[in-house]
Amino acid sequence: MKETDREAVATAVQRVAGMLQRPDQLDKVEQYRRREARKKASVEARLKAAIQSQLDGVRTGLSQLHNALNDVKAIQQSLADVSKDWRQSINTIESLKDVKDAVVRHSQLAAAVENLKNIFSVPEIVRETQDLIEHGELLQAHRKLMDLECSRDGLMYEQYRMDSGNTRDMTLIHSYFGSTQGLSDELAKQLWMVLQRSLVTVRRDPTLLVSVVRIIEREEKIDRRILDRKKQTGFVPPGRPKNWKEKMFTILDRTVTTRIEGTQADTRESDRMWLVRHLEIIRKYVLDDLIVAKNLLTQCFPPHYEIFRSLLRTYHQALSARMQDLAAEDLEANEIVSLLTWVLNTYTSVEMMGNAELAPEVDVALLEPLLSADVVSALLDTYMSTLTSNIIAWLRKALETDKKDWVKETEPEADQDGYYQTTLPAIVFQMFEQNLQVAAQISEDLKTKVLVLCLQQMNSFLSRYKEEAQLYRDEHLRNRQQPHCYVQYMVAVVNNCQTFKESIVSLKRKYLKHEAEEGISLSQPSMDGVLDAIAKEGCGSLLEEVFLDLEQHLNELMTKKWLLGSNAVDIICVTVEDYFNDFAKIKKPYRKRMIAEAHRRAVQEYLRAVMQKRISFRSAEERKDGAERMVREAEQLRFLFRKLASGFGEEMDSYCDTIVAVAEVIKLTDPSLLYLEVSTLVSKYPDIRDDHIGALLAMRGDASRDMKQTIIETLEQGPAQASPDYVPIFKDIMVPSLNVAKLLK
């Protein structure tokens, strides 16, 4: 207490010090005293009220405890009295055992009397129930069946209560009501028949279906009541529980499975489109069934059955099982595509589960896949393997068919622009297009894989195409009279290369996404180079044909006959122009290159004639005439090839200038300037060799041996460097096998 008093005094001092910090606050001391007095009075009043409240509560509690004690004593006394009375009445209870047995017998007899009418009328009720079942009066039949079962179960229960071990009486009752179980089974068969045809029945006679559901509901209630009684008594009547609701769903499951499996009307042997028909029938049946179930069937079943959701799950499981069975069969490539397209696309599309009439009950996003990812992957692998084999076979067959066209007596067809072509590119890319369209129906990934496969096989195919074109050329060279339309079909082969290039670009643009294009381009070998090589060889074969016909006239060049006046170049120009009239059927990119190559080749053959040492001029007059003739013929060739190239709007390479430059060397009258003229020639054409110069000087016929030796040795000391864009023309010209020493002589 002293400690508390000290703390109170210290607090009061601190509080007063806080109030009297300034001199002017001394005037308010009385005011502060009154305020503190009021606070003290208020606190004391609250303390008194709180203490009084607690005292009242304690007083009430003590009173209740006293009353409770008195109640406990009274109950204790009552229990003692009851115990005493119970001990005194034991003998009395034992003496009432006979009364108890009499009561049980009375109860059984009362039940027997109550069911006596039913017992004697059992045969008649059985006949009536049988007739009702046969006439389809299922509700009435079930009512009578319930009466029979109720009488039987009541008697058996009373017998069970009286003497559960008396099997003889139980067997007697069961045998007397033996027809009851048969009627139950017969009624169940009728119910299952209606349920098997529920989707048809609900349209024609929904009342019958409702009756079936009501019967099943009654039986479910009876089952529940009997199971509840079993917990209390341990008695279960024969044939219970029936579990007809569970059997109903089992029947519906089996019906759905049978309906789906039964839609396969054809086999591969009878109809190549058997799977397409089978899947389409499934789609139509399932969609129609679910629409009927959603709109009509749900009205015939209690809501807690969730009949539509149950049927939806059943159909999905049955479809999944059927798709698994189909996937396990040895399917062909087109059948795999049909199956995967149906499973991955059709099933969830608006044509089936995504149909507006099934919404919102059916959410395709929540449907499980019909086939697992592993099965789909295995099918795709099989498809790609089969497709690879098929494409190889198709390409081989297409090439064989095209080769047969090459030996025909009639010219190939022309396209809308008049260019010769065969049907090969159209056949090949139509095949590719069909397979890509099919793959696109399944997935973007498969479409890309098929495109890669097509491009890979195309690359291999072009190598075979190139080989066959070479064999075609070689066969023709053995007998140039056959095939009759060799030139036209070789033109078509060249044009096909351009068509292939355009078709490949079109195919990539149509079926390849931009983000995947770069990867595909890098992973695929370039086919443009192969196609250009085929076209180049084809053009070379056509030019070979031209120059084989010109061989006789080329051999006349630089001979005495030529010097005296030959029309060999005229014939050469006419022949080339005639051939290029046929070559007008070649598409422009290749025809342009072909004209340039023909131009170069013609000049090269002309220069080869110069290097053949067929003539050696004996006088300046002959050299002048020969040189002037060479210049005129160079202009003839220039005019010809400019005319042929006029449609391209570009200047042709001036190969003919080479002939003019050579003619200038021959025409030179002052031998002392010969070295300078030859040096100019070599600087223009760096690929000219010393044997070419030797042959050229030998053709002049006036250069001394020392002069020839000096010119050749001097030129050898400082060979000219070719410019990067220089096209060699002397490189492939061979001089007859005379060494330089002999030429100098």
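- The shortest side-chain heavy-atom distance between M431 and I427 does not fall under the 4.5 Å cut-off.
- Proximity of a side-chain donor or acceptor of S646 to a complementary backbone N or O of K643 within less than 3.5 Å is detected.
- Pairing each heavy atom of L455 with each of K508, the nearest pair is CD1-CE, 3.6 Å.
- Listed for the T388 side chain is a donor-acceptor partner under 3.5 Å among the backbone atoms of M384.
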**OP:** Show the numbers, then the answer: is there a side chain to side chain donor-acceptor pair (under 3.5 Å) between D402 and T422?
**Re:** CA-CA 7 Å; D402 205 55; T422 66; 2.9 Å; yes
**OP:** Apply side-chain contact (heavy atoms from CB on, under 4.5 Å) to L319 and I282, showing your working.
**Re:** CA-CA 9 Å; L319 285 172; I282 289 177; 3.4 Å; yes
Give every donor-acceptor pair under 3.5 Å between a side-chain atom in residues 332-344 and any protein atom, sequence neighbours left out.
unit_1: E332; atom_1: OE1; unit_2: R272; atom_2: NH2; d: 2.6
unit_1: E332; atom_1: OE2; unit_2: R272; atom_2: NH1; d: 3.3
unit_1: E332; atom_1: OE2; unit_2: R272; atom_2: NH2; d: 3.2
unit_1: E335; atom_1: OE1; unit_2: R268; atom_2: NE; d: 3.4
unit_1: E335; atom_1: OE1; unit_2: R268; atom_2: NH2; d: 2.7
unit_1: E335; atom_1: OE1; unit_2: E332; atom_2: N; d: 2.9
unit_1: E335; atom_1: OE2; unit_2: R268; atom_2: NE; d: 2.9
unit_1: E335; atom_1: OE2; unit_2: W274; atom_2: NE1; d: 2.8
unit_1: S338; atom_1: OG; unit_2: N334; atom_2: O; d: 3.0
unit_1: T341; atom_1: OG1; unit_2: V337; atom_2: O; d: 2.6
unit_1: W342; atom_1: NE1; unit_2: L279; atom_2: O; d: 3.1

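- Looking at L542 and M594, their side chains come closer than 4.5 Å, going by heavy atoms from C-beta outward.
- Taking OG from S385 and CG from N390, the interatomic distance works out to 9.5 Å, rounded to the nearest 0.5 Å.
- Rounded to the nearest 0.5 Å, atoms OG (S463) and CD1 (I534) are 7.5 Å apart.
- A donor-acceptor contact shorter than 3.5 Å is absent between the side chain of H484 and the backbone of V407.
- Across every non-hydrogen atom of K294 and A359, the tightest pair is CE-O, 3.5 Å.
- Y486 and S541 get closest at one heavy-atom pair: OH-CB, 3.5 Å.
- Counting heavy atoms from C-beta on, the side chains of L311 and V256 come closer than 4.5 Å.
- A donor-acceptor pair under 3.5 Å is absent between the side-chain atoms of D578 and the main chain of V574, judged by distance alone.
- Distance check: N435 CG to L453 CG gives 8.5 Å after rounding to the nearest 0.5 Å.
- For T258 (side chain) and R254 (main-chain N/O), a donor-acceptor pair under 3.5 Å exists by modelled atom type.
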Subject >> Intermediate values then yes/no, salt bridge (charged side-chain N to carboxylate O under 4.0 Å, His left out), E433 and K510 >> reply: CA-CA 10 Å; E433 185 91 15; K510 184 174 181 180; 2.4 Å; yes
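- Of all non-hydrogen atoms in L395 and R464, the two that sit nearest each other are CB-NH2, 4.0 Å.
- Under the 3.5 Å distance criterion, the side-chain polar atoms of R689 are matched with a main-chain donor or acceptor of I733.
- Ring geometry for Y472 versus W406: interplanar angle of 30 to 60°, hence tilted.
- In terms of heavy-atom proximity, C656 sits nearest to R638 at SG-N, 3.5 Å.
- Within the 4.5 Å cutoff, side-chain heavy atoms of R259 are placed close to those of Y315.
- Exactly one of T499, N495, D417 qualifies for a side-chain hydrogen bond (donor to acceptor under 3.5 Å, both in side chains) with K587. That residue is T499.
- Ion pairing between a basic and an acidic side chain is recognised when a charged N comes within 4.0 Å of a carboxylate O; K403 and E400 show such pairing.
- Remark: side-chain polar atoms of S349 are paired, donor with acceptor, to backbone N or O of T346 under 3.5 angstrom.
- In this structure, L297 and V292 have side chains that are not in contact, with every pair of non-hydrogen atoms separated by 4.5 Å or more.
- Between I586 atom CD1 and R593 atom CZ the span is 11.5 Å, to the nearest 0.5 Å.
- Ion pairing between D445 and K449 holds under the 4.0 Å rule for side-chain N and carboxylate O.
- Going from atom CD of Q324 over to atom CG of L326 covers 10.0 Å, rounded to the nearest 0.5 Å.
- Proximity of a side-chain donor or acceptor of R203 to a complementary backbone N or O of L199 within less than 3.5 Å is detected.
- Counting heavy atoms from C-beta outward, T255 and L195 have side chains that stay 4.5 Å or more apart.
- Within a 6.0 Å sphere centred on CZ of F249, heavy atoms belonging to other residues, nucleotides or ligands number more than 12.
- Here the CG atom belonging to L640 is positioned 10.0 Å from the OG1 atom belonging to T575, to the nearest 0.5 angstrom.
- Within the 4.5 Å cutoff, side-chain heavy atoms of K588 are placed close to those of Y419.
- Classified by interplanar angle (parallel below 30°, tilted 30° to 60°, perpendicular above 60°), the ring pair F301/Y305 is tilted.
- Side-chain atoms of Y685 never come within 3.5 Å of backbone atoms of I729 as a donor-acceptor pair (strictly under, hydrogens ignored).
- Heavy-atom minimum distance, F429 versus I504: CZ-CG1, 3.6 Å.
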Original post:
Can E413 and Y420 be said to form a side-chain contact (heavy atoms from CB on, under 4.5 Å), step by step?
Top reply: CA-CA 6 Å; E413 296 180 357; Y420 283 141; over 6 Å; no
Original post:
Would Y347 and H316 count as a side-chain contact (heavy atoms from CB on, under 4.5 Å) if you check the C-alpha gap in whole Å, the side-chain angles of each, and the deciding distance to 0.1 Å?
Top reply: CA-CA 10 Å; Y347 183 62; H316 182 80; 2.7 Å; yes
Original post:
How far apart are the C-alpha atoms of L290 and F308, what are their side-chain angles, what is the distance that settles it, and do they pass the side-chain contact (heavy atoms from CB on, under 4.5 Å) test?
Top reply: CA-CA 8 Å; L290 290 177; F308 179 73; 4.2 Å; yes
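- With contacts defined as side-chain heavy-atom distances shorter than 4.5 Å, the pair T314/L252 does not qualify.
- Ring geometry, Y655 versus H599: the interplanar angle exceeds 60°, so the pair is classed perpendicular (tilted spans 30 to 60°).
- Taking the centre and axis of the six-membered ring of Y511, the NZ or CZ atom of K447 falls outside the cone set by 45° and 6.0 Å.
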